[in-house]
Amino acid sequence: MTMPLTCLNYINGEWLSAHTEATLESRNPADWQELVATCPRSGAQEVEAAVAAAQRAFASWRLVPAPARAELIYRIGELLRQRKEELAQLMSREMGKPLTEARGDVQEGIDCAFYSAGEGRRLFGQTTPSEMPNKFAMSVRVPVGVCALITPWNFPVAIPCWKAFPALVCGNTLVLKPAEDTPACATLLVEILQEAGLPAGVINLVHGLGEEAGRALVEHPDVALVSFTGSSETGAEVGAVCGRSYKRVCLELGGKNAQVVMEDADLELALEGALWGAFGTTGQRCTATSRLILHRAIKDEFTRRLLERARRLRLGPGTEPETEIGPLVNAAQLQRVSGYMDVAYGEGARVLLGGERVSEGKLKQGYFFAPTILDEVKPDMRVAQEEIFGPVVSLLTVDSFEEAIQVLNGTPYGLSSSVYTQDINRAFQAMRDIEAGITYINGPTIGAEVHLPFGGVKQTGNGHREVGSAALDVFTEWKTVYVDFSGRLQRAQIDNRQE
Ligand code: NAD
């Protein structure tokens with residue numbers, strides 16, 4: 001066993017413990033005997049110091065030319081590339097995802113670094129003719145100030161990178177409060193940012209509980225923006241606090257994503273997509289496929305093949321190369337997913353596969369849950385409406401394309417969606433009529449690319465998008481500038497007009 005890491009806060013360029021001795025533990029979810037790391041259980045005092053450091057650093061960081069800020073982001077991308085394997089191994093131990101997926105998580109961070117760095121030479125504004133002679137009109141992007149980044153454990157490197165790199169290139173300074181379950185990944189990431197040469201105070205890291213450090217950060221008056229990814233319940237609270245204090249807030253929340261399989265679909269392709277979408281990352285992705293909406297004509301055949309393939313998925317510790325499905329992240333998640341099995345039975349759903357914890361042999365000290373397929377699920381059942389966040393997929397049967405879209409849209413969430421069909425007309429109808437931030441045609445509900453906007457509608461968010469050029473709208477304010485070089489007072493034409 002590897003020695004546990006002692007993670008510290010990073011404030012104003014220094015690694016510090018909290019003012020209390022209290023710590024939080026991060027344990028390997030595949031073997032809870034293994035302590036991966038400890039971190040400080042910080043509170044308002046550490047948040048205060050981190051925000052003050054970020055506030056001071058903002059005064060100079062915002063004046064560093066954007067292409068120079070971008071140079072540092074490029075360097076971060078290079079360092080992430082060099083340390084990809086180290087980060088992936090740590091991630092796999094700390095939150096359980098298989099190594100191949102952990103490498104993909106880090107790769108998203110790398111891609112995001114290079115994409116965001118490119119913005120250093122763009123950050124485009126607008127120039128436009130003025131209504132008046134000898135007057136110049138333009139709009140430019142300016143940084144917002146101190147940004148609080150609050151992140152979940154399921155993409156412990158990619159999500160902090162998605163937020164941090166666009167925010168930094170835009171000239172903001174940051175306080176990161178990572179999830180309690182993944183302090184070690186966050187610490188290694190911030191070490192890399194430090195090594196790349198970010199000035200003191202530009203990035204700060206405060207570990208702790210959401211209710212304590214997280215809440216203090218959201219409530220802090222000098223935090224100008226909160227970028228939050230997590231559950232819809234917490235997001236609603238964070239949004240309410242920000243609303244009362246006029247803070248900018250970007251919420252990326254839960255999902256109840258569905259894959260539709262029509263009767264004309266390439267069934268083998270749809271099957272591959274369903275397996276990956278439902279069981280990849282043990283179903284712990286905000287974009288995971290938790291509903292399969294199947295046309296009645298292919299329902300039985302598709303279900304038979306799905307069962308046969310899902311039964312063969314290999315559970316194990318993420319660090320072992322043959323593992324396809326890792327553990328759930330912690331005991332609370334195991335309890336939550338198990339609890340939904342009672343809900344499913346109570347509602348009259350039929351468990352075709354799984355439905356229980358797996359604890360044989362080397363899995364006995366881990367939070368493993370069998371890939372689970374629920375049949376005879378009706379659209380209004382809780383298992384078809386609520387986010388389960390585990391390796392559980394519900395089968396719903398429909399008789400038409402119109403019904404499929406109606407069922408797909410019939411939840412409070414709107415993150416990702418997928419339709420498998422060979423009919424081009426249906427594909428375009430789906431793109432038009434699905435209420436979701438992301439729609440895949442003939443691809444699974446998971447698989448975001450960092451240069452395209454990411455996020456959702458309804459209770460999945462509040463209208464913002466992560467990554468791509470859309471992230472710039474989160475992390476900058478527009479400033480409109482008029483330059484009058486006429487040498488006289490020119491009133492806007494509307495005030496001058498002689499009818
Ligand atoms: P969570 O809401 O429990 O926690 C997310 C973060 O918020 C953690 O860092 C936590 O410490 C912090 N937090 C908790 N209470 C807080 C409070 N009162 N004030 C401030 N911060 C607080 O979510 P989780 O269990 O870590 O993550 C899983 C959820 O995240 C799922 O619902 C999933 O769908 C969602 N998610 C969404 C996206 C997306 O982009 N839409 C991506 C990944 C995960």
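Bear in mind that the values here come from a model prediction, so they are computed numbers and not experimental data. First listed ligand is number 1; within each ligand, the first listed atom is number 1.
Contact atoms of ligand 1 toward Glu211: 18 (N) (distance under 4.0 Å to a heavy atom of the residue). Using a 4.0 Å cut-off to heavy atoms of Glu180, the atoms of ligand 1 that qualify are 8 (C), 10 (C), 11 (O). For ligand 1, the atoms sitting less than 4.0 Å from at least one non-hydrogen atom of Arg215 are 18 (N), 19 (N), 20 (C), numbered in the order shown with element in parentheses. Atoms of ligand 1 found under 4.0 Å from any heavy atom of Asn154 (numbered from 1 in listed order, with element): 43 (C), 44 (C). Listed by number with element, the atoms of ligand 1 under 4.0 angstrom from any heavy atom of Ala179 are 9 (O). Distances below 4.0 Å separate heavy atoms of Glu237 from the following atoms of ligand 1: 18 (N).
Within the 4.0 angstrom cut-off, atom 26 (O) of ligand 1 has one or more protein heavy-atom neighbours.
When heavy-atom distances to ligand 1 are checked against a 4.0 Å cut-off, Gln284 has no atom that comes that close, whether in backbone or side chain. When non-hydrogen atoms are compared, ligand 1 lies under 4.0 Å from the side chain of Phe389 (C-beta onward) but not from its backbone. The proximity of Leu217 to ligand 1, defined as any non-hydrogen pair under 4.0 Å, does not occur for either the backbone or the side chain. Both the backbone and the side chain of Thr229 come within 4.0 Å of ligand 1, judged by heavy-atom distances. Residue-level proximity to ligand 1 for Leu253 is carried by the backbone, the only part with a heavy atom below 4.0 angstrom. Using a 4.0 Å cut-off between heavy atoms, Pro178 contacts ligand 1 through its backbone alone, with no side-chain atom that close. With a 4.0 Å heavy-atom cut-off, ligand 1 is reached by no atom of Glu233.
In terms of protein heavy-atom proximity, atom 7 (O) of ligand 1 is closest to Phe228 CE1, 3.1 Å. When only non-hydrogen protein atoms are considered, atom 24 (P) of ligand 1 lies nearest to Trp153 NE1, 3.5 Å. Scanning the protein heavy atoms around atom 17 (C) of ligand 1, the nearest turns out to be Gly210 O, 3.4 Å. Annotation: atom 31 (C) of ligand 1 to nearest protein heavy atom, Glu387 OE1, 3.4 Å. With respect to atom 12 (C) of ligand 1, the closest heavy atom belonging to the protein is Ile150 CG2, 3.6 Å. Nearest protein heavy-atom neighbour of atom 35 (C) of ligand 1: Gly230 O, 3.1 Å. Closest to atom 40 (O) of ligand 1 among all protein heavy atoms lies Phe454 CE2, 3.1 Å.
Side-chain atoms of Asp105 come within 3.5 Å of backbone N or O of Ala158 as a donor-acceptor pair. Side chain of Ser245 to main chain of Val241: a donor-acceptor pair is present (N/O by atom type, distance under 3.5 Å, no hydrogens or angles). The main-chain N or O of His19 is found under 3.5 Å from a side-chain atom of Glu46 such that the two form a donor-acceptor pair. With hydrogens and angles ignored, the 3.5 Å screen pairs no side-chain donor or acceptor of His464 with any backbone N or O of Leu251. Not a single donor-acceptor pair under 3.5 Å links the side chain of Thr411 to the backbone N or O of Gln385. No donor-acceptor distance shorter than 3.5 angstrom exists from the side chain of Ser42 to the backbone of Ala213, with no hydrogens or angles considered. With hydrogens and angles ignored, the 3.5 Å screen pairs no side-chain donor or acceptor of Asn12 with any backbone N or O of Ala53. At distances below 3.5 Å, at least one donor-acceptor pair connects side-chain atoms of Asn257 with backbone N or O atoms of Ala288.
The shortest side-chain heavy-atom distance between Gln259 and Val393 does not fall under the 4.5 Å cut-off. A 4.5 Å side-chain heavy-atom check between Leu271 and Tyr420 finds every atom pair outside the cut-off.
The option with the heavy atom closest to atom 3 (O) of ligand 1, from among Thr234, Leu176, Ile159, is Thr234. Nearest to atom 23 (O) of ligand 1 by heavy-atom distance, out of Ala288, Ala158, Ser231, Gly254, is Ser231. Atom 21 (N) of ligand 1 has its nearest heavy-atom neighbour, among Pro152, Cys286, Gly456, Gly214, in Gly214.
Ring orientation note: the planes of Trp15 and Tyr10 are tilted relative to one another, at an angle of 30° to 60°.
Among the atoms of Lys177, some N or O lies under 3.5 angstrom from an N or O of ligand 1. Close N/O approach between Thr151 and ligand 1 is found [any backbone or side-chain N/O within under 3.5 Å].
The salt bridge (charged side-chain N to carboxylate O under 4.0 Å, His left out) contacts involving residues 246-259 comprise Arg248-Glu477, where partners must be two or more places apart or lie in separate chains.
Between the CG atom of Leu149 and the CG atom of Leu174 there is a distance of 5.0 Å, given to the nearest 0.5 Å.
With sequence neighbours left out, Phe454 forms a ring-ring contact (aromatic ring centres under 6.0 Å, His included) with Trp162.
Annotation: Glu85, atom CD; neighbour count of heavy atoms from other residues, nucleotides and ligands within 6.0 Å is above 12.
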